[in-house]
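Structure record follows, encoded as structure tokens.
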Amino acid sequence: MNGGVAQKISLFPVLDVMQLDSKNRGSLTRFRNPLPREFFNRDPRRVGRDLLGKVLVRRTGRKLLAARIVETEAYLGEDDPAAHAAAGRTPRNAVLFGPPGYAYVYFIYGNHYCLNVSCLPDGVPGGVLFRAAEPLLGIEEMARARGVEIANPRDLQKLTSGPGRMAEAFGITRERDNGKDLTSTRSHLWLADDGYPTARVLTTRRIGITKAADSPLRYVIAGSEFVSGPKGKT
DNA sequence: AAGCGGATCGTCT
DNA sequence: GACGATCCGCTTG
């Protein structure tokens with residue numbers, strides 16, 4: 001009923017994670033395949049949905065951080081009051097107006113960074129916000145970056161469930177990462193397709209906004225334990 | 001489980 | 001000078 005995807009995530013998360021993490025060596029091969037620029041040269045609604053199941057990868061020296069995307073939100077252009085691009089181009093949001101496949105990182109509430117990827121051709125604004133992921137590699141590094149301890153399996157959700165948490169776990173800041181090309185492993189921050197099967201997707205309203213709050217532009221992998229916010233029923 | 005308020009600062013009016 | 005695409009801790013039910 002559920003497709004194998006959600007089941008696999010909910011039944012074997014820790015086992016998968018520990019096995020993968022212990023085999024960190026050689027994982028570069030598995031996650032070396034970045035999504036091409038054309039993937040992002042589309043409507044953010046399509047991109048946001050298709051990014052579910054893909055893997056965010058960060059390379060720091062020999063170490064790899066990797067997490068499977070389980071939740072995204074689409075932000076459009078002038079016709080989307082909730083989008084940073086709505087009020088037109090500024091120094092802050094310029095990446096959203098540039099070519100597709102680049103990191104737009106912003107600082108929010110005086111505390112947190114959030115990662116987006118630009119969509120649509122140069123000159124047309126749009127992006128996808130990364131809201132939550134399932135940790136695959138670099139659990140210890142993520143826990144250290146987040147300042148939390150992993151005492152039981154449920155604690156893994158504290159690492160990357162939420163846009164601010166994801167960014168912190170990956171050490172993403174505006175200063176370091178804004179404008180980086182996410183389609184190249186040379187940027188040391190990229191999005192990989194490791195052949196994971198397409199997930200069953202739920203579409204909901206976006207979280208944490210006041211304007212255009214009713215638009216169904218949030219996408220989550222059905223049944224994933226790693227989505228942010230209250231655990232909705234499926 | 002859900003609802004609150006505080007922290008904290010870059011960005012644009 | 002006001003406001004956030006958030007998180008955390010505390011309170012209540």
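Both backbone and side-chain heavy atoms feed into the values below; hydrogens, waters and symmetry mates do not. Every chain is numbered from 1, with letters handed out A, B, ... down the list of sequences.
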How close do A:Gly127 and A:Leu96 get, heavy atom to heavy atom, and via which atoms? CA-CD2, 4.1 Å
Using a distance-only test with no angle check, is there a side-chain donor-acceptor pair under 3.5 angstrom linking A:Arg68 and A:Ser224? no
Would you say a side-chain N or O of A:Arg89 is under 4.0 Å from OP1 or OP2 of B:dC12? no
d(NE2, A:His112; P, B:dG6) in whole Å: 16 Å
Working for side-chain contact (heavy atoms from CB on, under 4.5 Å), residues A:Ile108 and A:Tyr113: CA-CA 6 Å; A:Ile108 191 67; A:Tyr113 293 97; over 6 Å; no
Any chance you could lay out the ring pair (Phe, Tyr, Trp, His ring centres under 6.0 Å) test for A:Phe107 and A:His112, step after step, and finish with the verdict? CA-CA 6 Å; A:Phe107 187 62; A:His112 307 287; 8.1 Å; no
Check whether A:Phe39 forms a cation-pi arrangement with A:Arg42 (NZ or CZ under 6.0 Å from the six-membered ring centre, at most 45° off the ring normal). yes
A:Cys119 side, atom SG; A:Arg45 side, atom CZ - distance, nearest 0.5 Å: 11.0 Å
Return the 5'-most residue of the pair A:Glu168, A:Gly110 with respect to DNA chain C, ranking by each residue's nearest nucleotide. A:Gly110
Hydrophobic cluster of A:Val124, others only, ordered by chain and residue number, side-chain cut-off 4.5 Å: A:Leu120
Along DNA chain C, first and last positions that approach a heavy atom of chain A under 4.0 Å: C:dG4 to C:dC8
What stems, by residue range, does DNA chain B take part in, given at least 3 consecutive Watson-Crick or G-U pairs under 3.5 Å? B:1-7 with C:6-12, B:9-12 with C:1-4
Would you classify A:Arg92 as touching base, sugar-phosphate or nothing, given that sugar-phosphate means primed atoms plus P, OP1 and OP2, and contacts are heavy atoms under 4.0 Å? sugar-phosphate
Specify the residue among A:Asn93 and A:Ile108 whose closest nucleotide of DNA chain B lies further upstream toward the 5′ end. A:Ile108
Specify the residue among A:Val148 and A:Ala82 whose closest nucleotide of DNA chain C lies further upstream toward the 5′ end. A:Ala82
In plain terms, say whether A:Asp181 and A:Arg186 are close enough for a salt bridge, that is, a side-chain N and a carboxylate O under 4.0 Å apart. no
Just checking, A:Arg206 and A:Tyr75: is the charged tip under 6.0 Å from the six-membered ring centre and within 45° of the axis? yes
Without decimals, in angstroms, what is the distance between A:Phe107 CZ and B:dT11 C1'? 12 Å
For atom CZ of A:Arg174 and atom C1' of B:dC9, their distance in whole Å: 13 Å
